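What follows is a short report on a single structure.
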There are 2 protein chains.
Amino acid sequence: MEDSGQQAAETRKVPTHEVTYLRLRDMVLFGVLAPGQPVTIQGLIRDLEAGMTPVREAIRRLTAEGALVLHDNRRVSVPRMTPALLDQLVHVREAVEPKLAELASPHVTPALIARLEEIDEGIEPAIRAADVTTYLRLNHAFHFALYEAAGATVLEDIARSVWLRFGPSLRVILSRYIALGLPDRHAEALAAMKAGDAQALTLAIREDIAQGVDQVRAALADEAL
Amino acid sequence: MEDSGQQAAETRKVPTHEVTYLRLRDMVLFGVLAPGQPVTIQGLIRDLEAGMTPVREAIRRLTAEGALVLHDNRRVSVPRMTPALLDQLVHVREAVEPKLAELASPHVTPALIARLEEIDEGIEPAIRAADVTTYLRLNHAFHFALYEAAGATVLEDIARSVWLRFGPSLRVILSRYIALGLPDRHAEALAAMKAGDAQALTLAIREDIAQGVDQVRAALADEAL
DNA sequence: ACGCGCAAGATTTGATCAAATTATGACGGC
DNA sequence: GCCGTCATAATTTGATCAAATCTTGCGCGT
């Protein structure tokens, strides 16, 4: 039977270090940790109620992904955004994410479209309610549900890394300017998927990136992040 | 006088987990570990004569960088190259490394050129001697000495990750075909640097990438890596 | 007497190791 | 072929040590 192993997978023990990694990763990704904020092993042991080894490993992984930085002091903190960093991130996003959209396009199924629409439906209410966390989670979910369909692990890894580096700053910015009416590029992306138009999908993602980046750039001109 | 404490700092300052990481990283990068080869914590504790914690952390970091893969079994191994993977790596290399060369160009100093020439001088003898390890080390050193001059940490991180994913396969391929006379693109790159021509430098790097990739692609058509 | 700076101790945090626990895969008996 | 047992390896905890930061207070000069 092909699903004999399924309940085993359900019961399978996910290692603590994996869970700890995911929890810490989401804290960075969705702005629970502010730019520049120090991250201590001892603090995470308390906050996440985990052992020392899982916490250390989670920090190492996230450091390798650029989500955290090690100082000479051996201390760890959330990196701040700078104009030079932003330029690099823009370049990478423009190179990788439209490509992911393009690669995903042939694998878009009606089921995926349905799932993306479901995610997208939650976004506008979140904006109106000024619920930044929900907005960030759904926006992230929308993009990566699509990107995962590409089945391109390398590009996906890079995209995840870049989003991790954006997370903290984005949170700060949106907390200030969430009231702004952002025209939703997701609708364009969904329309392109329904039409099976890979080129239009790629373009929609490209515009979505440009829009997000412009916000960060504008905010960065005003204040340090 | 002022650096009386430096020798103590030399030995003590760098944490074991950092050293362990660098050693394991080089083993992947320069093909000491073959594609598909299993990597065990216990084995590394013996081979690298390190404790468990440093080894675990090194593995986690390298896994995050794509240099190693975790299986459902909790086992770790060196990933194999596939055509789909290669396509992604090519796309990223072409997007990132010429950009690094372009950004580095304004910061190229005579001292850097001298260092690059010194590195490059060792390459041809290594090829003639069929010394694959030295060739790989010098080729890597040449590229990253240049890329570091760009001062673009994000792009550099990505480039390092991509090279890590190439390492094991490249070693296998070069062990077979090192006799081939490769026209050296490094000379072109050096000439462009001396002329201060950023565009020519970018082009030289682009061609160097294309050349390396073609080799891998050809080998991949013949056998599994 | 007041304030400044430096140095010794206390405290916090990170690094490393060793031992106990748990999971996985293999071997052998049934 | 299936199930239990055993060996190997990964996971996790706790203890211990080292490094860095913070605090305290003392001495010195003004």
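Reminder, nothing fancy here: chain letters follow the sequence lines and each chain counts from 1. A quick note: this is a predicted structure, and the numbers were derived from the prediction, not measured.
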Query raised in the report: Would Y21(A) and H17(A) count as a ring pair (Phe, Tyr, Trp, His ring centres under 6.0 Å) if you check the C-alpha gap in whole Å, the side-chain angles of each, and the deciding distance to 0.1 Å?
Result: CA-CA 6 Å; Y21(A) 163 75; H17(A) 62 80; 9.2 Å; no
Report summary line: The residue, R46(B) or N73(A), whose nearest nucleotide of DNA chain D is more 5′ is R46(B)
Requested in this report: Decide, yes or no, whether a salt bridge links D131(B) with R137(B) under the criterion of side-chain N to carboxylate O below 4.0 Å.
Outcome: no
Report summary line: Contact string for nucleotides 3-8 of chain D, one letter per nucleotide 5' to 3', B = base within protein heavy-atom range under 4.0 Å, S = sugar-phosphate only, - = neither, reads ------
Query - From L174(B) atom CG to I127(B) atom CD1, the distance as rounded to the nearest 0.5 Å - result: 8.5 Å
Interface polar pairs with nucleotides 11-14 of chain D, N/O, under 3.5 angstrom:
residue: dT11(D); atom: OP1; partner: H17(A); partner atom: NE2; Å: 3.3
residue: dT11(D); atom: OP2; partner: R56(B); partner atom: NH1; Å: 3.2
residue: dT11(D); atom: OP2; partner: R56(B); partner atom: NH2; Å: 3.1
residue: dT11(D); atom: OP2; partner: R60(B); partner atom: NH2; Å: 3.2
residue: dT12(D); atom: OP1; partner: T16(A); partner atom: N; Å: 2.4
residue: dT12(D); atom: OP1; partner: T16(A); partner atom: OG1; Å: 2.6
residue: dT12(D); atom: OP2; partner: T16(A); partner atom: N; Å: 3.4
residue: dT12(D); atom: OP2; partner: H17(A); partner atom: N; Å: 3.2
residue: dT13(D); atom: OP2; partner: G51(A); partner atom: N; Å: 3.2

Query raised in the report: Side chains of T40(B) and R75(B): donor-acceptor distance under 3.5 Å anywhere?
Result: no
Report summary line: Atom CG of L68(B) and atom P of dA10(D) are separated, to the nearest Å, by 12 Å
Query - More than 12 heavy atoms of other groups within 6.0 Å of E118(A) CD - result: no
Query raised in the report: Side chains of R80(A) and S169(A): donor-acceptor distance under 3.5 Å anywhere?
Result: no
Query raised in the report: According to the interplanar angle, ranging from 0 to 90°, do the rings of H143(A) and W163(A) count as parallel (below 30°), tilted (30 to 60°) or perpendicular (above 60°)?
Result: tilted
Report summary line: Exactly one of R160(B), E156(B), E97(B), K99(B) clears side chain to side chain donor-acceptor pair (under 3.5 Å) with Y147(B), and that residue is E97(B)
